[in-house]
Amino acid sequence: MSGSGKSFLANIFKKLIKKTFVIDGDFVRSTLSKDLDYSIKSRKIQIDRILNISKLCIHNKYFPIVTTVYMHKATLLKCKKNLINVIVV
């Protein structure tokens with residue numbers, strides 16, 4: 001969904017919310033997830049990695065703003081279990 005405004009929206013939220021950390025899914029894929037392709041299995045691994053980065057941000061008292069295309073139910077349940085609120089746009 002290139003060009004859909006994910007990063008644009010994240011930057012607006014970053015200006016409105018203090019102590020934020022933007023986690024760009026495209027950047028994570030090009031750096032930490034070079035080993036993955038675009039299969040459903042790889043997308044699930046990618047979003048789990050992003051969730052772990054988000055947990056690290058929260059642990060350090062930052063508000064993570066994640067821009068990603070794919071979100072699966074299991075990850076949403078993990079977020080809920082960890083008391084992480086998710087807004088899907």
Side-chain angles (χ1 to χ4, degrees):
M1 296 193 61
S2 179
S4 64
K6 298 181 301 292
S7 296
F8 176 78
L9 191 57
N11 286 323
I12 290 173
F13 282 124
K14 185 175 180 166
K15 291 176 184 174
L16 297 173
I17 303 169
K18 294 180 182 179
K19 286 199 77 171
T20 59
F21 189 90
V22 175
I23 304 167
D24 186 300
D26 293 334
F27 184 77
V28 172
R29 181 170 289 281
S30 69
T31 55
L32 300 175
S33 297
K34 287 182 177 182
D35 59 320
L36 302 178
D37 57 24
Y38 289 92
S39 67
I40 295 298
K41 180 180 177 183
S42 288
R43 289 173 188 258
K44 288 179 180 179
I45 294 168
Q46 164 78 354
I47 199 67
D48 285 340
R49 289 177 183 178
I50 290 173
L51 173 61
N52 287 327
I53 296 167
S54 298
K55 287 168 37 177
L56 181 63
C57 290
I58 292 167
H59 176 77
N60 286 289
K61 304 205 182 334
Y62 280 86
F63 185 94
I65 299 172
V66 176
T67 64
T68 187
V69 173
Y70 183 78
M71 179 67 73
H72 62 95
K73 287 183 182 183
T75 302
L76 290 172
L77 290 174
K78 286 180 190 176
C79 290
K80 187 174 183 179
K81 181 181 175 185
N82 288 290
L83 303 175
I84 299 171
N85 293 321
V86 176
I87 300 171
V88 179
V89 180

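What you see is a predicted model, and the numbers here were worked out from it, not measured in a lab.
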Quiz item: So Leu51 and Lys55, side-chain contact (heavy atoms from CB on, under 4.5 Å) or not? Walk me through it.
Solution: CA-CA 6 Å; Leu51 173 61; Lys55 287 168 37 177; 4.2 Å; yes

Quiz item: Which of these, Asn60, Ile53, Asn52, sits in a side-chain contact (heavy atoms from CB on, under 4.5 Å) with Leu56?
Solution: Asn60

Quiz item: Are Leu77 and Ile47 linked, directly or through other ILVMFWY residues, by side chains that come within less than 4.5 angstrom of each other?
Solution: no

Quiz item: Minimum heavy-atom separation for Thr67 to Lys6, with atom names?
Solution: CG2-O, 3.5 Å

Quiz prompt | Residues that Lys78 engages under salt bridge (Lys or Arg N to Asp or Glu O under 4.0 Å), provided they are two or more places apart | solution = Asp48

Quiz prompt | Reported OG1-to-CG distance for the pair Thr68 and Asp24, which is rounded to 0.5 angstrom | solution = 9.0 Å

Quiz item: Which heavy atom of Ile23 sits nearest a heavy atom of Cys57, and at what distance?
Solution: CD1-SG, 4.1 Å

Practice problem: Tell me whether the guanidinium CZ or amine NZ of Lys19 lies under 6.0 angstrom from the six-membered ring centre of Tyr62 and within 45° of its axis. | Solution: yes

Quiz item: Is the closest side-chain heavy-atom distance between Arg43 and Arg29 below 4.5 Å?
Solution: yes

Quiz prompt | Flag side-chain contact, heavy atom, 4.5 Å: Ile40 against Lys44 | solution = yes

Quiz prompt | Distance (rounded to the nearest 0.5 Å) between Asp35 CG and Ile45 CD1 | solution = 7.5 Å

Practice problem: Compare every heavy atom of Ala10 with every heavy atom of Val22, then report the nearest pair and how far apart it is. | Solution: CG1-CB, 4.2 Å

Self-check item: Same cluster (ILVMFWY, side-chain, under 4.5 Å), Ile65 and Phe27
Solution: no

Quiz item: Okay, side chain of Ser54, backbone of Ile50: is any donor-acceptor separation there less than 3.5 Å?
Solution: yes

Quiz item: What is the minimum heavy-atom distance between Ser33 and Gln46, and which atoms define it?
Solution: OG-OE1, 2.6 Å

